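The block underneath contains the structure these notes are about, expressed in structure tokens.
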Protein chains: 2
Amino acid sequence: MLSKKTKYAINALVFIAKNKKDEPISVSRISEEHQIPLKFLETILTELKNARIVNSTKGKYGGYSLNQTPERIQMAKIIRLFDGAIALLPCVSENFYGRCEKCIDEETCGIRQIAMEIHSETVKRLKAATLADIIKREEKLKK
Amino acid sequence: MLSKKTKYAINALVFIAKNKKDEPISVSRISEEHQIPLKFLETILTELKNARIVNSTKGKYGGYSLNQTPERIQMAKIIRLFDGAIALLPCVSENFYGRCEKCIDEETCGIRQIAMEIHSETVKRLKAATLADIIKREEKLKK
DNA sequence: TATAAAACCTATCAGTTTTATAGGAATTAA
DNA sequence: TTAATTCCTATAAAACTGATAGGTTTTATA
């Protein structure tokens with residue numbers, strides 16, 4: 001399951017992306033709109049900023065805006081940033097590889113093979129799921 | 001990521017299933033073979049027993065054996081037993097449904113639609129992944 | 001130049017979950 | 001009777017999650 005942090009991050013990004021004027025959006029604005037605790041959301045946006053997904057404008061009338069086009073912001077990246085590995089097992093993870101505890105032989109592990117297949121399928125979909133894609137889906141669903 | 005509990009459970013089940021003679025297998029035997037803490041493994045097998053996946057024989061020379069054929073024991077079930085929902089979001093879970101916090105409209109949520117697609121694909125694979133399937137895969141990989 | 005609204009910084013913390021450990025009671029084959 | 005086992009109940013350390021607290025710094029604008 002995705003953590004609240006990841007879900008809040010996705011909601012915030014969708015909210016920022018939907019804003020057509022190119023003025024930055026403040027944390028307090030997103031916080032009110034989505035009922036996300038202000039201070040918690042602040043740390044989330046700081047992480048997104050450190051990952052160069054958004055950038056910030058300081059001072060009055062400041063806030064956050066996207067640092068990449070919505071087409072380039074993939075859910076795979078957001079999830080990895082906040083929740084870590086997407087894989088079911090560390091031994092099939094691309095970005096957070098690790099051996100399983102007490103694994104006898106990775107090469108002949110049956111459950112590993114299954115995890116690999118699920119992983120590649122899931123990652124493929126989470127890379128296709130960009131901010132732009134999500135917004136397009138929502139527009140379609142609203143009709 | 002799967003919890004250690006789930007991984008230990010799968011390892012234990014594979015070990016029990018591989019045993020051809022139909023004598024039960026003791027927890028201590030699995031614990032030694034797989035380096036899993038004895039008492040921890042005990043609680044895992046108790047849960048598997050409560051879920052009617054294995055059954056137990058008490059007393060000397062007792063232990064655990066499968067309560068279903070390896071063809072009927074699906075990884076989906078084991079994972080749900082120890083880790084809960086397979087889905088990325090509670091709102092697309094079959095067995096552990098719940099609304100997302102602060103969700104405005106489930107029907108028009110874009111990330112939900114993506115989570116649904118990933119969920120159905122993943123569950124399909126985790127249902128096909130039976131104990132028998134895993135063992136067959138391992139035999140193939142050993143060649 | 002004062003003010004208000006914002007990001008930025010650092011620290012803390014409560015609750016839950018995960019991963020165990022401890023010590024025995026009951027059961028059963030030999 | 002003994003040894004090996006499951007079964008039962010309680011406890012606990014460590015890590016993680018979700019959040020709060022109290023400011024400092026920056027900047028647009030009246």
Side-chain angles (χ1 to χ4, degrees), chain A residues 1-12 16 19 23-65 67 79 81-85 90 96 98 100-102, chain B residues 1-12 16 19 23-65 67 79 81-85 90 96 98 100-102:
Chain A
M1 294 272 251
L2 300 183
S3 64
K4 283 192 179 184
K5 226 171 178 180
T6 296
K7 284 188 260 178
Y8 289 163
I10 294 170
N11 286 158
I16 295 169
N19 180 254
E23 55 184 7
I25 310 257
S26 71
V27 175
S28 58
R29 176 98 183 281
I30 307 170
S31 164
E32 280 163 28
E33 208 81 33
H34 278 87
Q35 311 269 32
I36 302 168
L38 178 73
K39 286 292 197 177
F40 193 40
L41 187 56
E42 229 178 69
T43 66
I44 290 169
L45 280 155
T46 300
E47 287 185 74
L48 287 169
K49 199 198 100 187
N50 293 338
R52 323 246 165 192
I53 292 160
V54 299
N55 51 33
S56 66
T57 314
K58 289 187 212 172
K60 198 169 179 182
Y61 301 111
Y64 291 91
S65 47
N67 191 36
I79 294 171
L81 181 61
F82 294 103
D83 287 348
F96 301 86
C100 283
E101 313 78 28
K102 282 91 187 208
Chain B
M1 294 271 251
L2 300 182
S3 66
K4 283 193 178 184
K5 225 170 177 180
T6 297
K7 286 188 259 178
Y8 290 163
I10 294 171
N11 287 158
I16 295 169
N19 180 254
E23 54 184 8
I25 310 258
S26 71
V27 176
S28 57
R29 175 98 182 281
I30 306 170
S31 163
E32 281 164 27
E33 207 80 33
H34 279 87
Q35 312 270 32
I36 302 169
L38 179 73
K39 285 292 194 175
F40 193 41
L41 187 55
E42 228 177 76
T43 68
I44 290 168
L45 280 156
T46 301
E47 287 184 75
L48 286 169
K49 198 198 104 190
N50 292 338
R52 323 246 167 194
I53 293 161
V54 300
N55 52 33
S56 66
T57 315
K58 288 187 213 173
K60 197 170 181 180
Y61 301 111
Y64 291 90
S65 47
N67 191 36
I79 293 171
L81 181 61
F82 293 103
D83 287 347
F96 300 87
C100 284
E101 314 80 25
K102 282 94 187 208

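Proteins come first, then strands; the chains are lettered A, B, ... in the order of their sequence lines, and each starts at number 1. Small disclaimer: the values here were computed from a predicted structure and weren't measured.
Rounding to whole angstrom units, CD of residue Q35(A) and P of dG18(D) are separated by 18 Å. F40(A) has its CZ atom 17 Å from the P atom of dA14(C), to the nearest Å. The distance between atom NZ of K5(B) and atom P of dA20(C), rounded to the nearest whole Å, is 11 Å. Rounded to an integer number of Å, the gap from E23(A) CD to dT27(D) P is 19 Å. The nearest whole Å value for the distance from the CD1 atom in I44(B) to the P atom in dA20(C) is 9 Å. Summarising the geometry, the separation between CG on L38(A) and C1' on dA6(C) is reported as 11 Å, rounded to the nearest angstrom. Note: NZ (K60(A)) to P (dT1(C)) measures 19 Å, nearest angstrom. The separation between F82(A) atom CZ and dG18(D) atom P is 12 Å, rounded to whole Å.
Atom-to-atom distance recorded for F40(A):CZ and S31(A):OG is 12.0 Å, nearest 0.5 angstrom. The CD1 atom of I79(B) sits 5.0 Å away from atom CG of L2(B), with the distance rounded to the nearest 0.5 Å. Going from atom CD1 of I30(A) over to atom CG of L45(A) covers 5.0 Å, rounded to the nearest 0.5 Å. Put simply, NZ on K4(A) and CG on N11(A) are 12.5 Å apart, with the number rounded to the nearest 0.5 Å. Note: D83(B) CG to F96(B) CZ = 9.5 Å, rounded to the nearest 0.5 Å.
In terms of phosphate contacts, Y64(B) brings no side-chain nitrogen or oxygen within less than 4.0 Å of OP1 or OP2 of dT5(D). Listed pair Y61(A) / dT26(D) fails the phosphate criterion, with no side-chain N or O lying under 4.0 Å from OP1 or OP2. Close to dC7(D), at under 4.0 Å from its OP1 or OP2, lies a side-chain N or O of S56(B).
A pairwise comparison of heavy atoms in K5(A) and I44(A) identifies CG-CG1, 3.7 Å as the closest pair. The two residues P24(A) and T57(A) come nearest to each other via the heavy atoms CG-OG1, 3.8 Å.
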Could you run down the sub-3.5 Å N/O contacts of the protein with nucleotides 21-25 of chain D?
unit_1: dG22(D); atom_1: O6; unit_2: K39(A); atom_2: NZ; d: 2.2
unit_1: dG23(D); atom_1: O6; unit_2: K39(A); atom_2: NZ; d: 3.4

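With a 3.5 Å limit on both pairing distances and Watson-Crick or G-U wobble geometry required, the stems of 3 or more pairs in DNA chain D span C:1-30 with D:1-30.
Heavy atoms of G59(A) sit under 4.0 angstrom from at least one base atom. Among the protein residues, T57(A) comes within range of the sugar-phosphate backbone only, with heavy atoms under 4.0 Å from sugar or phosphate atoms but none that close to a base.
No more than 12 heavy atoms of other residues, nucleotides or ligands shown are found within 6.0 angstrom of OH on Y61(A).
Annotation: of the two residues near DNA chain D, I25(B) and T43(B), the 5′-most nearest-nucleotide partner is I25(B).
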Checklist entry - What's the verdict on side chain to side chain donor-acceptor pair (under 3.5 Å) for T46(A) and T43(A), showing C-alpha distance, side-chain angles and the deciding distance? => result CA-CA 5 Å; T46(A) 300; T43(A) 66; over 6 Å; no
